[in-house]
Amino acid sequence: LRNGTAKVAILGASGYTGRELLHLLARHPAARAEVVMTSREGSVPEPPELPSDPVVDSLDLRRLDGIDVAFLCAPHGASARLARQVLDAGTRVIDLSADFRLRDARLYAETYGEAHPARELLGRAVYGLTEHAREHLEGARLVANPGCYPTSILLPLLPLLQHGLVDEGATVIADSKSGVSGAGKALTERTHFGNVHDNFLAYKVGDHRHLPEIQQQAGTDRIVFVPHLLPVFRGILSTLYVPPARGTTAAQARACLEEVYAAEPFVRVYGTGLPELRAVVGTNFCDIGVAAAGDRIVVISAIDNLVKGASGQAVQNMNVMLGLEETAGLR
Ligand SMILES: NC(=O)c1ccc[n+]([C@@H]2O[C@H](COP(=O)([O-])OP(=O)(O)OC[C@H]3O[C@@H](n4cnc5c(N)ncnc54)[C@H](OP(=O)(O)O)[C@@H]3O)[C@@H](O)[C@H]2O)c1
């Protein structure tokens, strides 16, 4: 890095995750948002919402010259096409969309309803669940930033699977509730104020696009995932109903999580009590609590979908990728 400061571009800076990235980078001691663009071709630059906001320019990939890393905050499909051009220009990519999370192009086509726009790049992408990917992130050129729901489910679940604490013959139930910002800024009937305020509902039961991603990373199909829409703006609370391997107790599951995440700056395993959204909103933390309930171990996680579930984890990945202090800009 020249002068020890990373020069960063944000493509899609006019969306929720793009704006969140701008706020995080404004406090980053060793990275600067040099190029701040929308990612939609031909779109008119937006005037700043607040006087302190930077101007969001229209898309111009020639401006990436000299940029160390570009964050793509575009919808899936569009993101992969941008990624190819940005990588060809010699710039590293952290993609917040779903385009490089699934390793199998056929599964991508089934899940997202179109052929993968840059399948030749799939083998190069590192799945950036930071706590479980550090050695692959160092020096990576293309990082697939995980989905928000998958982050909230995989962080508590992976250690339990890896340590053999889950009954492999039974199914894990992941019951997740998300704030409305998870759907992005576009107006839709389901997510407009009148349908979200004072309401609560389940959606895409059994066929949400994050399920294949969760199953791929967990290495098992034995997962039921039910997402819900909470009448709040930010945050995901996931409740996992885990069938324990024979003889495994909730105390052992908690001890496993405590040990795996003991040195992690952004994962907090509770000794007593359970996570709440209030404790994590606006932070890069994933909070985890464990309880015994009947024949299940109940594991509850909470994250801010726009921070640990998107832009915060993306900055954490950039820090590891470029050899910066991992917590820089995120405390
Ligand atoms: N929201 C979350 O909690 C979350 C969490 C994890 C991952 N993600 C993923 O991150 C990406 C961005 O999410 P977001 O919530 O920030 O979305 P968003 O608020 O809808 O913003 C999307 C951005 O993409 C641009 N855009 C829209 N249509 C486009 C197109 N056809 N081609 C190129 N650019 C286009 C928009 O530009 P204009 O302003 O010009 O329209 C805007 O800058 C998505 O792929 C999403 O799945 C989101």
Side-chain angles (χ1 to χ4, degrees), residues 1 4-6 8 17 20-33 68-69 71 92 94 96 126-140 143-163 217 234-238 240 253-290 299-331:
L1 298 179
T5 298
V8 171
T17 59
E20 191 67 25
L21 261 174
L22 271 170
H23 289 301
L24 292 169
L25 290 170
R27 297 193 303 252
H28 199 296
R32 201 171 53 229
D68 296 300
V69 57
F71 291 96
R92 296 176 189 86
I94 298 178
L96 280 80
V126 172
Y127 186 83
L129 189 69
T130 324
E131 286 73 11
H132 295 269
R134 277 195 192 98
E135 65 277 25
H136 305 291
L137 288 166
E138 287 165 19
V143 171
N145 216 59
C148 46
Y149 282 125
T151 297
S152 80
I153 291 166
L154 292 168
L155 282 174
L157 185 58
L158 286 184
L160 304 181
L161 288 168
Q162 286 162 357
H163 287 81
Q217 293 308 122
R234 283 167 179 262
I236 292 179
L237 192 112
S238 284
L240 308 184
R254 181 186 300 110
C256 168
L257 291 164
E258 279 173 344
E259 193 183 321
V260 167
Y261 291 127
E264 288 297 342
F266 297 118
V267 183
R268 303 187 291 202
V269 181
Y270 289 19
T272 55
L274 296 172
E276 299 181 22
L277 291 188
R278 191 178 293 168
V280 297
V281 164
T283 78
N284 197 48
F285 289 119
C286 174
D287 284 5
I288 302 175
V290 182
V299 185
I300 297 178
S301 74
I303 62 169
D304 184 324
N305 56 295
L306 291 177
V307 189
K308 186 59 173 164
S311 308
Q313 182 152 242
V315 169
Q316 197 181 348
N317 284 333
M318 174 192 74
N319 291 341
V320 178
M321 210 175 173
L322 301 180
L324 303 172
E325 181 66 44
E326 188 172 323
T327 56
L330 295 169
R331 292 277 199 199

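- Smallest separation of non-hydrogen atoms from Y270 and G289: CB-CA, 4.4 Å.
- Once rounded to the nearest 0.5 Å, the distance linking CG of L160 with CG of L240 reads 8.5 Å.
- Interatomic distance, L158 CG to I153 CD1, rounded to the nearest 0.5 Å: 11.0 Å.
- In this structure, the separation between CZ on F285 and CG on D304 is 12.0 Å, given to the nearest 0.5 Å.
- Put simply, CD on E20 and CG on N305 are 9.0 Å apart, with the number rounded to the nearest 0.5 Å.
- Considering L129, I236, T130 as possible partners of T151, the one that fulfils the side-chain contact (heavy atoms from CB on, under 4.5 Å) test is L129.
- Pairing each heavy atom of A6 with each of L322, the nearest pair is CB-CD1, 3.6 Å.
- In terms of heavy-atom proximity, R254 sits nearest to G271 at NE-O, 3.5 Å.
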Residues H163, V260; criterion side-chain contact (heavy atoms from CB on, under 4.5 Å); working and verdict: CA-CA 10 Å; H163 287 81; V260 167; 3.6 Å; yes
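- Panel note: side chain Y261, backbone L155; a donor-acceptor pair is recorded below 3.5 Å.
- The two residues A140 and M321 make their nearest non-hydrogen contact at O-CE, 3.1 Å.
- Within 6.0 Å of atom CD in Q162, more than 12 heavy atoms from other residues, nucleotides or ligands are found, so the atom counts as buried in its surroundings.
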Between E325 and R331, does the salt bridge (charged side-chain N to carboxylate O under 4.0 Å, His left out) criterion hold? Intermediate values first, please. CA-CA 11 Å; E325 181 66 44; R331 292 277 199 199; over 6 Å; no
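- Under a 3.5 Å cut-off, the side chain of R268 and the backbone N or O of D287 do not form any donor-acceptor pair.
- Residues R92 and M318 form no side-chain contact, since every pair of their non-hydrogen atoms from C-beta on lies 4.5 Å or further apart.
- Side-chain contact check for V126 versus N317: every heavy-atom pair is 4.5 Å or farther apart.
- When each of T327, V267, V307 is tested with N284 by the rule side-chain contact (heavy atoms from CB on, under 4.5 Å), just one qualifies, namely V307.
- Between atom CZ of residue F266 and atom CD1 of residue I303 there is a gap of 13.5 Å, rounded to the nearest 0.5 Å.
- Using a 4.5 Å cut-off on side-chain heavy atoms (C-beta onward), R134 and E326 make contact.
- A pairwise comparison of heavy atoms in A133 and G128 identifies CB-CA, 4.5 Å as the closest pair.
- C148 contributes atom SG, which lies 10.5 Å from atom CD of Q313 (distance to the nearest 0.5 angstrom).
- Under the 4.5 Å side-chain criterion, counting only non-hydrogen atoms from C-beta, V143 is in contact with L137.
- Other residues, nucleotides and ligands contribute at most 12 non-hydrogen atoms within 6.0 Å of the CZ atom of R32.
- Scanning both residues, N145 and A310, for their nearest heavy atoms gives ND2-O, 2.9 Å.
- Between L306 and T17, the closest side-chain pair of non-hydrogen atoms falls below 4.5 Å.
- Formation of a donor-acceptor pair under 3.5 Å by the S301 side chain with backbone atoms of S152 is found in this model.
- One N or O on the side chain of H28 and one on the backbone of A328 form a donor-acceptor pair closer than 3.5 Å.
- Side-chain contact between V280 and T283 is present, with heavy atoms from C-beta onward closer than 4.5 Å.
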